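Keep in mind the model is a prediction, meaning the values are calculated, not measured.
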Amino acid sequence: MREAAITAIEYHLPETTLSNADLAAEFPDWSVAKIAEKTGIETRHIAAAGECSSDLAAAAAERLFAGGVDRAAIDYVLFCTQSPDYFLPTSACVLQQRLGVPTTAGALDFNLGCSGYVYGLGLAKGLVETGQASRVLLLTGETYSKMLARDDRSVRTIFGDGGSATLVEAVETEPGSPPRIGPFVYGTDGSGARNLIVERGAFRAWSPGSSGGWSPGSSGGWSPGSSFDSRTDSPLAQDRLDPGSSQPTLFMDGGEIFAFTLATVPKALDALLKRAGLAADAVDLYAFHQANRHMLEYLRRKTRIPEEKFLVHLSSCGNTVSATIPITLREAQREGRLRPGAVVALVGFGVGYSWGAALCRWSVR
């Protein structure tokens, strides 16, 4: 029986680092210890000027190839990023040429953040199990650091840059055996879009308090006619609404994101286990999106996951958005915690709002 399986995984981080000591020097009222306590992060890796998301993904892919994956056998490239090199062409097309993947391969980008890896696995599984592809190179790459306001410590203490590469390929399994990837649970709630957003840089006309953006409609959704977000209660509101600035800048309402996460993630995990017909203790390891330590620990306690089953890896790299889950998996494998046959629950959640959860049975040797 033909099934999709993860058979190789690698990642890459930029050379430049931003430590808690560096940040404490810029924000003296936050000590090194306070930053570590609030975030669980000691160091973030930051892309250099001119270093883009495709560079990070390509470097991760080259590590896969150096480990024995045949680039000539890749027949599809998927690239998850919210910080592409260009509006066009598609970065995945550029990566195909750069990586020496055959011109007979398909290639596409998809724009998702913290849930992106789970969605990418769903796309790759669909390509493989419908016979459209046999070896899918799933890449992630993010350079959020290029979109962070220098004076916004709430995001600069959290986000780092990184890229990952995962090979999802067809394997033969016994009929009736559990899937190597899946089942999946997905969710979307666009009403939370304004709580984690980069308003400038694309084509939606923007001006504070005037037409061209989006504003809450009477039904509670969004309707055309005024600024997407004219709030002034945020401490960053005046900065991000500065009409003299054209720099794409990320805004995050941390309280709203935290509330969304706590309301959504436990339900998504319960739905996944129910769909799989598994009890929670049948899962060997849990790999959640690595948002920050405080959020992860709160989620772990709320979902009653034993600490020894809950993977955490963000101290040395920070929140790398769509790359957090593959980085965490690769490190767990390196440490000997993730072994062939292990059942792993993956849960991604964040910007959009978007969330996704999946099971995988580890096939990397």
Side-chain angles (χ1 to χ4, degrees), residues 4-13 36 39-45 60 63-64 66-69 114-118 120-121 138 140 160 162-169 171 178-184 265-266 268-269 272-273 276 278-349 356-365:
I6 297 172
T7 59
I9 190 166
E10 283 291 354
Y11 71 90
H12 175 79
L13 302 173
T39 66
I41 301 164
E42 302 285 345
T43 304
R44 306 128 200 90
H45 291 251
R63 291 187 177 184
L64 272 192
V69 173
C114 312
S115 64
Y117 187 71
V118 173
L121 288 177
L138 171 60
T140 73
S164 74
T166 303
L167 181 64
V168 178
E169 65 178 323
V171 297
R180 301 292 182 92
I181 303 174
F184 287 80
V265 170
L269 182 59
L272 175 66
L273 294 175
L278 292 179
D281 59 6
V283 177
D284 298 305
L285 293 169
Y286 293 81
F288 284 22
H289 164 57
Q290 305 287 290
N292 62 69
R293 184 171 66 185
H294 176 64
M295 183 179 288
L296 286 171
E297 181 57 22
Y298 205 106
L299 285 172
R300 186 189 69 79
R301 292 198 305 267
K302 187 168 184 177
T303 53
R304 300 181 180 180
I305 298 172
E307 192 169 359
E308 65 273 14
K309 289 190 172 188
F310 195 73
L311 298 175
V312 177
H313 183 81
L314 76 165
S315 174
S316 62
C317 60
N319 179 341
T320 54
V321 197
S322 58
T324 67
I325 292 176
I327 288 173
T328 300
L329 293 173
R330 182 66 182 96
E331 284 301 311
Q333 181 192 21
R334 198 188 313 274
E335 294 165 2
R337 298 180 65 186
L338 184 53
R339 298 174 180 173
V343 178
V344 189
L346 314 178
V347 186
F349 49 88
L359 288 180
C360 74
R361 287 164 174 81
W362 199 243
S363 304
V364 181
R365 298 188 181 275

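Interatomic distance, Leu296 CG to Thr39 OG1, rounded to the nearest 0.5 Å: 11.0 Å. Atom OG of Ser316 sits about 6.0 Å away from atom NE2 of His45, to the nearest 0.5 Å. For the atom pair NE2 (His12) and CD1 (Ile327), the distance works out to 10.5 Å, reported to the nearest 0.5 Å. Atom CZ of Arg293 sits about 12.5 Å away from atom CZ of Arg300, to the nearest 0.5 Å. Distance check, rounded to the nearest 0.5 Å: CD1 of Ile305 to CG of Asp281 gives 12.0 Å.
Counted within 6.0 Å of CZ on Phe310, heavy atoms from surrounding residues, nucleotides or ligands total more than 12; the atom is thus considered enclosed. No more than 12 heavy atoms of other residues, nucleotides or ligands lie within 6.0 Å of CZ in Arg304, so this atom counts as exposed by the packing criterion.
Across all non-hydrogen atoms, the minimal contact from Ala4 to Val168 is CB-CG1, 3.9 Å. For the residue pair Ala268 and Ala357, the shortest heavy atom distance occurs at O-CB, 4.4 Å. Across Pro340 and Val364, no two heavy atoms sit closer than the pair CG-O, 3.5 Å. Closest of all the heavy-atom pairs between Ala5 and Arg180 is CB-CB, 3.8 Å. Closest non-hydrogen pair, Ser164 versus Pro326, comes out as OG-CG, 3.2 Å. Closest of all the heavy-atom pairs between Leu13 and Cys317 is CD1-CB, 3.8 Å.
Contact check for Leu311 versus Leu338: no side-chain heavy atoms found under the 4.5 Å cut-off. At a threshold of 4.5 Å between non-hydrogen side-chain atoms, the residues Leu299 and Tyr286 do not count as touching. Residues Trp362 and Ile9 have side chains in contact (heavy-atom distance under 4.5 Å, counting atoms from C-beta outward).
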Quick one: do Leu121 and Ile6 satisfy side-chain contact (heavy atoms from CB on, under 4.5 Å)? Show the steps, please.
CA-CA 9 Å; Leu121 288 177; Ile6 297 172; 3.9 Å; yes
Walk me through it: do Tyr11 and Thr320 pass the test side-chain hydrogen bond (donor to acceptor under 3.5 Å, both in side chains)?
CA-CA 11 Å; Tyr11 71 90; Thr320 54; over 6 Å; no
One pair to check against side-chain contact (heavy atoms from CB on, under 4.5 Å): Val283 and Leu273. What are the steps and the verdict?
CA-CA 9 Å; Val283 177; Leu273 294 175; 3.7 Å; yes
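Arg361 places a side-chain N or O within donor-acceptor distance of the main-chain N or O of Pro179, the cut-off being under 3.5 Å. Arg337 places a side-chain N or O within 3.5 Å of a backbone atom of Glu308 that can act as its donor or acceptor partner. Using a distance-only test at 3.5 Å, with no hydrogens or angles considered, a donor-acceptor pair links the side chain of Asp284 to the main chain of Val343. Judged by distance alone, the side chain of Gln290 and the main-chain N or O of His313 form a donor-acceptor pair under 3.5 Å. Using a distance-only test at 3.5 Å, with no hydrogens or angles considered, no donor-acceptor pair links the side chain of Glu42 to the main chain of Gly40.
Checking each of Asn319, Thr140, Leu314 against Thr324 for a side-chain contact (heavy atoms from CB on, under 4.5 Å) leaves exactly one that passes, namely Asn319.
Figure legend: Arg301 and Tyr298 shown as a cation-pi pair, the cationic atom lying under 6.0 angstrom from the six-membered ring centre and within 45 degrees of its axis.
For the residue pair Tyr117/Thr166, the side-chain donor-acceptor check at 3.5 Å is satisfied.
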